[in-house]
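Each chain gets a letter, A, B and so on, in the order the sequences are listed, and its residues count up from 1.
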Number of protein chains: 2
Amino acid sequence: MMGAMGRWQGGASERLRDAALGLFLTQGYDGTTVAEIAAAADLTERTFFRHFADKREVLFVDGDEFERVFLGGLPDQADDPMTLIVGALDGAAGLFPEERRPWSRARQSVIAANHALQERELLKMSSLAVALTRALTARGVDAASAALAAETGVTVFRTSFALWVAEGERRTFKEIQNAVLARLQALLA
Amino acid sequence: MMGAMGRWQGGASERLRDAALGLFLTQGYDGTTVAEIAAAADLTERTFFRHFADKREVLFVDGDEFERVFLGGLPDQADDPMTLIVGALDGAAGLFPEERRPWSRARQSVIAANHALQERELLKMSSLAVALTRALTARGVDAASAALAAETGVTVFRTSFALWVAEGERRTFKEIQNAVLARLQALLA
DNA sequence: AGTGTCATGTCAGTTACTGACATCACCTGC
DNA sequence: GCAGGTGATGTCAGTAACTGACATGACACT
């Protein structure tokens with residue numbers, strides 16, 4: 001039986017994540033200590049650091065699944081690199097359904113308010129670009145084109161995501177992403 | 001007269017920067033404490049933090065001048081956004097003459113070995129993209145195209161820089177950048 | 001000489017993060 | 001049932017990044 005004592009309540013990671021986002025929203029990231037988050041989740045600071053590599057990471061654990069889905073959307077093969085990238089972008093769009101938009105907005109508002117969190121987000125994007133580059137070269141794309149196509153794909157994704165969570169935006173993620181891609185092709189035509 | 005006592009030797013920032021890069025190269029970033037850097041520069045830890053906002057920043061102070069030059073290369077006006085971006089890229093190429101390549105390689109080897117430093121570098125690039133976006137909109141480019149063109153420009157720069165500091169690379173920065181840009185245009189044609 | 005200014009030194013404190021070891025619920029074999 | 005193993009958690013001590021408050025000392029100006 002699960003007691004009410006804090007230890008062994010189960011779902012420690014989720015409790016920590018929820019407590020953290022809640023506190024960040026009300027007190028700000030810098031104004032919240034890890035000890036506070038842990039206490040709010042009925043755990044200790046040490047346990048927090050067993051679940052997350054550092055304080056920032058509590059907002060980025062979903063990143064692993066994100067990268068997996070993104071890569072999973074890559075077609076097995078295609079004639080040109082950008083066709084591969086567009087396939088991955090289409091797959092990623094599935095990760096951002098309408099019902100997730102409010103949560104994404106909340107999370108993004110916290111990140112936008114803090115440099116350290118922006119850095120972490122950029123690192124995740126960069127790591128995604130690296131993984132994409134590897135996947136492209138594995139499909140026969142030369143290294144330079146692969147890196148460029150991957151970076152460009154990430155740029156399209158980031159730009160689209162920023163628009164999607166922007167105040168007042170109504171279009172779906174997929175619609176936005178298609179529009180962004182079309183505009184980029186027009187720019188470089 | 002400048003005594004030899006450590007205080008008031010002048011050039012504190014530069015001494016700290018040199019000491020830091022030297023120690024990072026031999027002991028690694030994590031293996032070097034701020035106290036060590038300060039001692040090597042004949043200063044105290046507290047003084048280090050008066051010159052640099054944090055430990056990472058000691059490797060990134062040039063970033064401000066970099067951003068300034070990059071923006072300074074922007075033509076006053078042009079018909080399409082990418083022409084503006086290409087102008088800025090040409091200006092930036094002047095910041096990386098051959099004699100700077102060894103130093104850039106050393107610095108980059110330190111950054112490549114450490115996640116925290118990569119994060120900071122990505123933040124600088126992101127901040128450059130934001131500044132570029134602003135400059136483009138100020139020249140009449142619509143917001144979405146400006147953001148996309150700016151991000152793309154930064155991608156071209158980053159890709160080019162990575163090639164330039166790569167082992168065995170002989171081409172000049174400008175040559176590499178032109179090649180990267182041409183390849184990107186081919187990709188999206 | 002007197003005075004102000006500015007970079008630096010000194011010191012105490014907070015917080016992120018880590019290693020070592022103890023504890024306690026649960027499960028497993030018997 | 002009960003002895004022992006396992007894994008998540010707690011406890012504690014320590015390091016290092018970073019900050020605020022205040023002292024100090026060289027220099028410039030008068």
*Considering only heavy atoms from C-beta outward, does the side chain of A/S126 approach that of B/Q118 to under 4.5 Å?*
no
*With under 30° as parallel and over 60° as perpendicular, where do the rings of B/F48 and B/F52 fit, or are they tilted in between?*
tilted
_Side chain to side chain, B/L122 and A/L123, heavy atoms closer than 4.5 Å_ = yes
*Does B/T44 place a side-chain N or O at less than 4.0 Å from the phosphate oxygens OP1/OP2 of C/dT8?*
no
*Parallel under 30°, tilted from 30 to 60°, perpendicular over 60°: which one fits the rings of B/F161 and B/F96?*
perpendicular
*Between atom NE2 in A/H51 and atom C1' in D/dA8, what is the gap in whole Å?*
7 Å
_ring-ring contact (aromatic ring centres under 6.0 Å, His included) against B/F49, all qualifying residues, sequence neighbours excluded_ = none
*asked:* For nucleotides 13-19 of chain C, give me one character per nucleotide, 5' to 3': B if any protein heavy atom sits under 4.0 Å from the base, S if the only such contacts are to the sugar-phosphate, - if neither.
replied: --SSBBB
*Between A/F173 and A/F157, is the gap from one ring center to the other below 6.0 Å?*
yes
_Taking B/K55 first and then B/E57, would you say they form a salt bridge - that is, a charged N and a carboxylate O separated by under 4.0 Å?_
no
*Of the residues in residues 111-123 of chain B, which ones touch DNA chain C at a heavy-atom distance under 4.0 Å?*
none
*asked:* One thing to verify: whether B/E98 and B/R101 come together as a salt bridge, which I'm taking to mean a side-chain N less than 4.0 angstrom from a carboxylate O.
replied: yes
*Between B/T47 and C/dG9, does any side-chain N or O lie under 4.0 Å from OP1 or OP2?*
yes
